[in-house]
Amino acid sequence: MSKSLPPPGTSDIFPEEAASWRFIEESAIKIFSLYGYGELRTPVFEYTEVFERGIGGDTEVVQKEMYTFEDRGGRSLTLRPEGTAGVMRALLNTDVMNGNEKRVFYMGPMFRGERPAAGRKRQFHQVGVENVGHVAPELDAESILMLMHFLEESGIRNSKLQINTRGTAEDRKPAEEKLREHFSKSETALCEDCKARLSRNVWRILDCKQPQCQEFINSAPDATTFFSPETRGYFDKVCNALSAGGADFEVSPRLVRGLDYYVHTVFEVSHPGLGAQNAIAGGGRYEIFLPENKKPVIGVGFAAGIERLLMARESLDAGLPEKGPGCVFLAALGEKARDFNMALASKLRHAGIPVIAEVDIKSLKAQMRAADRVAASFALICGDNELEKNLIVCKNMKTGEQTEMESTSIGEFLKSIGRWHE
RNA sequence: GUGGUUGUAGCUCAGUUGGUUAGAGCGUCUGGUUGUGGCCCAGAAGGCCGGGGGUUCGAGUCCCCUCAUCCACCCCA
């Protein structure tokens, strides 16, 4: 076994696989652009407080999953465990706090010190979007519709969209009381985790998968019924706009998300092709407090896990768009021909034709095998005979056809017959 | 962090109750007459059997530790 594996929970993405990644990323750029979003690139690490305040100190993520370190200047920095907080921090430098709407998307690696499992890495990758600075139910709905559009573009079928409302901070207090009241009655029967959640965060009990808790979760009151008429009206508008946009969704009063900053609409998309970690995307409306800021930044957005999107695609046997033509392989017989090929390779590449040239002196048989292995669409063969007459042998690897031609016109010929310019 | 699983060639895996020079398929390389790939045939290279310790006359096989993998819980994307 190799001793050169990357650290736990990370992986190397080789070219063949990277093609699928790029497909997802390009789909994201294409679709998000259709909705007026532009890319924002923020650092992969931030001051630790950006996440502590932005995500919420009570969350699992902040408490035990962050990669935090001190830099040489004694600053406490943290590798970003999610994208939203850093984006908000960056947008603070704009006029977003004055009600001006900003639409941005991001993509890149995130880091969480969890135990790796199916669909979970320590370095994982997300694409996400944020609509910041403006509140309207239509924007919540548009964000969700954009997510579904993106999934469709990415070739991901059979996904399931669930939505819920978390209300506002004021809405939650009375609802929380009712829930605590309900679960307190059966405290001794709850699982250990839920007993702790009873005081720390009752909402999470609704999310619990332990069998012994299900009975009490099912009999729990629908928390949203305790929310204010305004909040419920807001949520109705989101649902109506979603229906109008043609989205299939399910309202799940028990959908609770693990980050503290959510208010009003929350949503999650799951896919059957994954495993225990079946959420491929999730998000919602949020109010985020950052260091030195009294007012929260408001917005709505989501993130999708690229690894999980790829798993979903794989379960569907989704193919990639047709590959372009292969490269041209330059075979040489002898050192003179090899040197000639080096110069020719440079000319062809500058003409936009991808070229792999053999640098070692070896048998033509071996070189043709190599050409086949790299899936070359043409092989150009050059030896002493050709050099003398300024010719070159051009072999079409697919048909086996072979023609001799002037070496000076080979570039034009290849461009006319190949499809590299497309 | 808690459980379980696995760890033998570049890859996928065999290795019987511990017993001589550790195997297969695929891949790679070389050949099958002069300068031609894919198919076929022949041959070759390539393994501190994850690492360390122990039991034994003898360990890839048994025991302990360690590292890593995969999966589940937790939580999330």
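The sequence lines fix the lettering, A, B, ..., with proteins before strands; numbering per chain opens at 1. Because the structure is predicted, anything quoted here is derived from the model rather than measured.
- As judged by a 4.0 angstrom heavy-atom cut-off over every strand, K395(A) is placed among the base-contacting residues.
- Counting any heavy atom pair closer than 4.0 Å across all strands shown, P81(A) reaches no nucleic acid atom.
- At the heavy-atom level, K121(A) lies under 4.0 Å from base atoms of the strands shown.
- Ranking C71(B), A77(B), G35(B) by closeness to the L333(A) side chain, first place goes to G35(B).
- Between the C1' atom of U34(B) and the CG atom of D384(A) lies a distance of 14 Å, rounded to the nearest Å.
- Summarising the local packing, CD of E412(A) is surrounded by 12 or fewer heavy atoms from other residues, nucleotides or ligands at distances under 6.0 Å.
- Aromatic ring orientation, F150(A) versus F32(A): tilted (interplanar angle from 30° to 60°).
- Atom CD1 in I361(A) sits roughly 13 Å away from atom C1' in G35(B) (whole-Å rounding).
- The nearest heavy atom of RNA chain B to C208(A) and to R257(A) marks one nucleotide each, and the one closer to the 5' end goes with C208(A).
- When ring centroids are compared, H149(A) and Y35(A) come within the 6.0 Å threshold.
- Of the candidate nucleotides A77(B), G37(B), C73(B), G37(B) has the atom nearest to the side chain of D372(A).
- Between C29(B) and C49(B), the distance separating the two C1' atoms is 25 Å to the nearest Å.
- Residue contacts shown for G400(A) include a base, since a base heavy atom lies under 4.0 Å away.
- At the phosphate of U30(B), OP1 or OP2 sits under 4.0 Å from a side-chain N or O atom of R369(A).
- When the side-chain contact (heavy atoms from CB on, under 4.5 Å) test is applied to E187(A), the partners found at least two apart in sequence or on another chain are K195(A), L198(A).
- Here Q402(A) lies in heavy-atom contact (under 4.0 Å) with a base.
- Distance, N278(A) CG to C71(B) P: 14 Å, rounded to whole Å.
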If pairs are Watson-Crick or G-U with both distances under 3.5 Å, what is the dot-bracket string of RNA chain B, marking crossing pairs with [ ] and pairs to another strand with |? ((((.((..((((.....[...)))).(((((.......))))).....(((((..]....))))))).))))....
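- Around the CG atom of D360(A), the shell of radius 6.0 Å holds more than 12 heavy atoms that belong to other residues, nucleotides or ligands.
- The side-chain heavy atoms of L161(A) and M148(A), taken from C-beta on, include a pair separated by under 4.5 Å.
- Counting only N and O atoms by type, the side chains of S143(A) and N131(A) include no donor and acceptor under 3.5 Å apart.
- Spacing of C1' atoms, U16(B) relative to A59(B), comes out at 16 Å, to the nearest Å.
- The nearest whole Å value for the distance from the CG atom in L380(A) to the C1' atom in U36(B) is 13 Å.
- Comparing atom distances between the M368(A) side chain and each of G35(B), A77(B), G37(B) picks out G37(B) as nearest.
- In this structure, A371(A) reaches neither bases nor backbone, as no heavy-atom distance under 4.0 Å exists between it and the strands shown.
- For R115(A), the side-chain atoms get nearest to A72(B) when compared with the rest of G31(B), A72(B), A77(B).
- Between the base of U36(B) and the side chain of Q367(A) there is no donor-acceptor pair shorter than 3.5 Å.
- At whole-Å resolution of the value, CZ in F14(A) and P in C11(B) are 10 Å apart.
- Atom P of nucleotide C70(B) and atom CG of L274(A) are separated by 16 Å, given to the nearest angstrom.
- Each of A276(A) and L364(A) has a nearest nucleotide on RNA chain B; the 5'-most of these lies closest to L364(A).
- Rounded to whole Å, the separation between the C1' atoms of G54(B) and C73(B) comes to 34 Å.
- Using a cut-off of 4.0 Å between Lys/Arg side-chain N and Asp/Glu carboxylate O, E114(A) and R122(A) are scored as not salt-bridged.
- Nucleotides A44(B) and C63(B) have their C1' atoms positioned 40 Å apart, rounded to a whole Å.
- Nucleotides A24(B) and C41(B) place their P atoms 16 Å apart, quoted to the nearest Å.
- Nucleic acid contact for I280(A): sugar-phosphate only, since backbone atoms but no base atoms lie under 4.0 Å from a heavy atom of the residue.
- Across C48(B) and C11(B), the matching P atoms stand 12 Å from one another, rounded to whole Å.
- Not a single donor-acceptor pair, N or O on each side, falls under 3.5 Å between the base of G1(B) and the side chain of E60(A).
- Using a 4.0 Å heavy-atom criterion, one finds that I381(A) contacts the bases of the nucleic acid, with or without backbone contacts as well.
- Across all strands, G128(A) comes closer than 4.0 Å to no nucleic acid atom at all (heavy-atom distances).
- Nucleotides U28(B) and C67(B) have their C1' atoms positioned 30 Å apart, rounded to a whole Å.
- Both tests pass for R166(A) against the ring of W203(A): distance under 6.0 Å to the centre and angle within 45° of the axis.
- Between the CZ atom of R122(A) and the P atom of C74(B) there is a distance of 18 Å, rounded to whole Å.
- Within 4.0 Å (heavy atoms only), Q63(A) reaches no atom of the nucleic acid at all.
- In this view, H182(A) satisfies the ring pair (Phe, Tyr, Trp, His ring centres under 6.0 Å) rule with no residue, not counting sequence neighbours.
- Within 4.0 Å of A304(A), counting heavy atoms only, lies no atom of the nucleic acid at all.
- With C73(B), U36(B), U69(B) as the choices, the nucleotide that has an atom nearest any side-chain atom of Q277(A) turns out to be C73(B).
- Shown are D260(A), V50(A), T84(A); of these, the side-chain contact (heavy atoms from CB on, under 4.5 Å) with I288(A) is made only by T84(A).
- A sub-4.0 Å separation between OP1 or OP2 of C29(B) and a side-chain N or O of R373(A) is present.
- In this structure, A379(A) reaches neither bases nor backbone, as no heavy-atom distance under 4.0 Å exists between it and the strands shown.
- The side chain of K365(A) places no N or O atom within less than 4.0 Å of a non-bridging phosphate oxygen (OP1 or OP2) of G31(B).
- Base engagement by E114(A) is indicated by at least one non-hydrogen atom pair under 4.0 Å involving a base atom.
- Remark: the separation of the C1' atoms in G50(B) and C70(B) is 15 Å, to the nearest Å.
- Whole-Å rounding puts the F111(A) CZ to A77(B) C1' distance at 14 Å.
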